[in-house]
Protein chains: 2
Amino acid sequence: MARASDTVRGLIEKEISRGKLRPGDLIDEKMLSERFQVSRTPAREAIMQLAATGLVQMRPRHGAVVSELSADEAVAMLETLACLESEAAALAAQRIRQEELDALIAVHAESEAAAHSHDSKSYIECNGRFHGLIYKGARNTYIADLIRQTRSRLAYYHTSSLYQRSRVERSWVEHGNVVKAIEKGDPEEAQAAMRDHILSGGRVYADLVATMTHKKESENTD
Amino acid sequence: MARASDTVRGLIEKEISRGKLRPGDLIDEKMLSERFQVSRTPAREAIMQLAATGLVQMRPRHGAVVSELSADEAVAMLETLACLESEAAALAAQRIRQEELDALIAVHAESEAAAHSHDSKSYIECNGRFHGLIYKGARNTYIADLIRQTRSRLAYYHTSSLYQRSRVERSWVEHGNVVKAIEKGDPEEAQAAMRDHILSGGRVYADLVATMTHKKESENTD
DNA sequence: CTTGGCTTTAATGTATACTTATATTCTTTG
DNA sequence: CAAAGAATATAAGTATACATTAAAGCCAAG
């Protein structure tokens, strides 16, 4: 990253994904430039890049805020994410290489301990590698990019599901179904298994909306 | 569009979609600022926004070019487009409202004449409205945005298929299958019909690669 | 006391000046 | 004559100054 604007963009992204900057928070150009010791120009450029991807919203003459999602929008994104992830799984079932499949099975085995001991932190790390291997096996970098883009926009509303004790074990079982289907080389089954995993049988929708209302309440109490 | 950078961004987008700016073409900040009578700042900001969406590529200190696609990337995008469009069709089959369905049927009827007389220009216009109505019926603005984003990036390589005489009639028949499935409220059938339409039974892949090599050759002869 | 309008202020948007890095060209040396 | 290196030029990246607009605060009038 040679340009200051890219550095700043990365830092803002990180702060949003970590929840340090929350939806609705104002992103002031001057504040950014002071915090990161650059002039307003690269700070502003960073904001505009993020606005182009939808992570922040800019209204002319009114500054930028971290994008807030309505329940409808969040559901739409989750629906789309399920579509993309399940397609990636279907592709992976057809295209994954032996060594990638071995790695996938290994990660799944490695995550078993974390799942059974409800160790969310370790499990989340494994989960990231698990899905990453599927994107790689799918041999479609574009769909992987869209998935990452969508996940980053949902992050604030969608993160916490793996912090629920019951979800970790359920997730591991669902992962197992995906692995099985990919191992068989069955794209339809992999697709169905992944869709079920992302939506967790529909419960994730309810979680999402519940989380949104909860977080909105906690904002009011600030 | 209150900001000059938004105006410039729109103009560049239009020039790219119309083929006036072609993949690989350099986008010079100074040239832009002179052509559109603005300073370098908004010109540069326009470029950065487009770079964030992937339509142009910026390499630090080396300026920006309209993104070129390798065959692999183009195939990946088409694959993803098929996934998104077919999902939108499935959703529309479940959610479309009566008046939207009426409009869809009307557009399909209207396009029949254009299809049979091989009037590509009229048909392409109808085609746009047809797909737009499906996005609307799908009640998922996010997936519609991703589709539009993907189409804009594929535009240069993917446009011309409806200028082939045989494709127009085939497209109309495929549209008919989609309409039928949506009318029945059958999401699986709508999904399959739309996937088949986007890929036209696999021929579009071949077309895409052929078009790419052809256009690359014509660039060399400039 | 409240409301409407004006004034001031602060932040966005734009222009331009300045810095830095890269590429090209010219010169020098082998 | 060729190749390598230095110098210059050009364009990207950054900083800052200026313009413009919206928002907030204040004053006056009803």
Side-chain angles (χ1 to χ4, degrees), chain A residues 1-16 20-69 153 219-220 222, chain B residues 1-16 20-69 153 219-220 222:
Chain A
M1 297 223 246
R3 286 172 304 195
S5 59
D6 289 333
T7 309
V8 173
R9 183 177 51 73
L11 291 167
I12 301 172
E13 269 176 357
K14 192 179 282 179
E15 295 206 346
I16 292 176
K20 215 169 168 181
L21 278 172
R22 305 188 317 184
D25 283 359
L26 226 86
I27 301 181
D28 185 16
E29 294 174 1
K30 200 173 160 192
M31 181 258 286
L32 279 183
S33 66
E34 282 167 8
R35 282 200 356 143
F36 300 124
Q37 296 291 312
V38 293
S39 76
R40 265 183 63 217
T41 305
R44 186 180 160 77
E45 285 178 351
I47 294 171
M48 300 202 82
Q49 286 181 54
L50 293 171
T53 67
L55 202 63
V56 311
Q57 228 168 345
M58 286 185 90
R59 280 176 315 174
R61 290 276 172 198
H62 286 267
V65 295
V66 180
S67 292
E68 293 180 281
L69 296 183
R153 291 196 55 184
E219 274 173 31
N220 292 338
D222 279 351
Chain B
M1 300 222 243
R3 287 173 303 198
S5 58
D6 289 333
T7 309
V8 173
R9 183 177 51 73
L11 290 167
I12 300 172
E13 269 176 355
K14 191 179 284 181
E15 295 205 347
I16 292 175
K20 215 169 168 180
L21 277 171
R22 305 188 318 186
D25 283 0
L26 225 87
I27 300 181
D28 184 15
E29 293 175 2
K30 201 172 159 193
M31 181 258 286
L32 278 183
S33 65
E34 282 167 8
R35 284 203 350 149
F36 299 125
Q37 297 290 313
V38 294
S39 76
R40 266 181 63 216
T41 305
R44 186 180 159 76
E45 286 177 351
I47 294 171
M48 300 203 81
Q49 287 181 54
L50 293 171
T53 67
L55 201 63
V56 312
Q57 230 169 342
M58 285 185 90
R59 280 176 315 176
R61 290 277 172 198
H62 285 270
V65 295
V66 180
S67 292
E68 293 180 280
L69 296 183
R153 291 196 56 184
E219 274 172 30
N220 292 339
D222 279 352

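By convention in this document, chain letters (A, B, ...) are assigned in the order of the sequence lines, proteins followed by strands, and residues within each chain are numbered from 1. As a basis for the values below, the full set of heavy atoms in this structure was taken, side chains included, without hydrogen atoms, waters or symmetry mates.
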ask   = What distance separates A:Leu21 CG from A:Glu13 CD, expressed to the nearest 0.5 Å?
value = 11.5 Å
List the atom pairs, with distances to 0.1 Å, where a side-chain N or O of residues 48-58 of chain A and a protein N or O form a donor-acceptor pair under 3.5 Å, not counting sequence neighbours.
from: A:Gln49; atom 1: OE1; to: A:Arg9; atom 2: NE; distance (Å): 2.8
from: A:Thr53; atom 1: OG1; to: A:Leu50; atom 2: O; distance (Å): 2.9

ask   = Should B:Asp25 and B:Arg22 count as side-chain neighbours, where that means a heavy-atom distance under 4.5 Å?
value = yes
query = Would B:Glu45 and B:Val8 count as a side chain to side chain contact (heavy atoms under 4.5 Å, CB included) if you check the C-alpha gap in whole Å, the side-chain angles of each, and the deciding distance to 0.1 Å?
reply = CA-CA 9 Å; B:Glu45 286 177 351; B:Val8 173; over 6 Å; no
request  = Can you sort out the partners of B:Glu29 under salt bridge (charged side-chain N to carboxylate O under 4.0 Å, His left out), two or more places apart, ordered by chain and number?
outcome  = B:Arg40, B:Arg44
note = At a 4.0 Å cut-off to heavy atoms of chain A, the contacted part of DNA chain D spans D:dG13 to D:dA23
inquiry  = Is any side-chain heavy atom of B:Leu32 closer than 4.5 Å to one of B:Val38?
reply    = no
remark   = Sorted by chain and number, sequence neighbours left out, salt bridge (charged side-chain N to carboxylate O under 4.0 Å, His left out) with A:Arg61 holds for none
query = Among residues 35-44 of chain A, which contact DNA chain D at a heavy-atom distance under 4.0 Å?
reply = A:Val38, A:Ser39, A:Arg40, A:Thr41, A:Pro42
inquiry  = For B:Leu11, give me all partners under side chain to side chain contact (heavy atoms under 4.5 Å, CB included), at least two apart in sequence or on another chain.
reply    = B:Thr7, B:Phe36
query = First and last nucleotide of DNA chain C touching chain B, 5' to 3', heavy-atom cut-off 4.0 Å?
reply = C:dG13 to C:dA23
request  = Kindly write out the residues that satisfy side chain to side chain donor-acceptor pair (under 3.5 Å) with A:Glu34, not counting sequence neighbours, or none if the list is empty.
outcome  = none
salt_bridge(B:Arg35, B:Glu15) N-O dist < 4.0 Å = yes
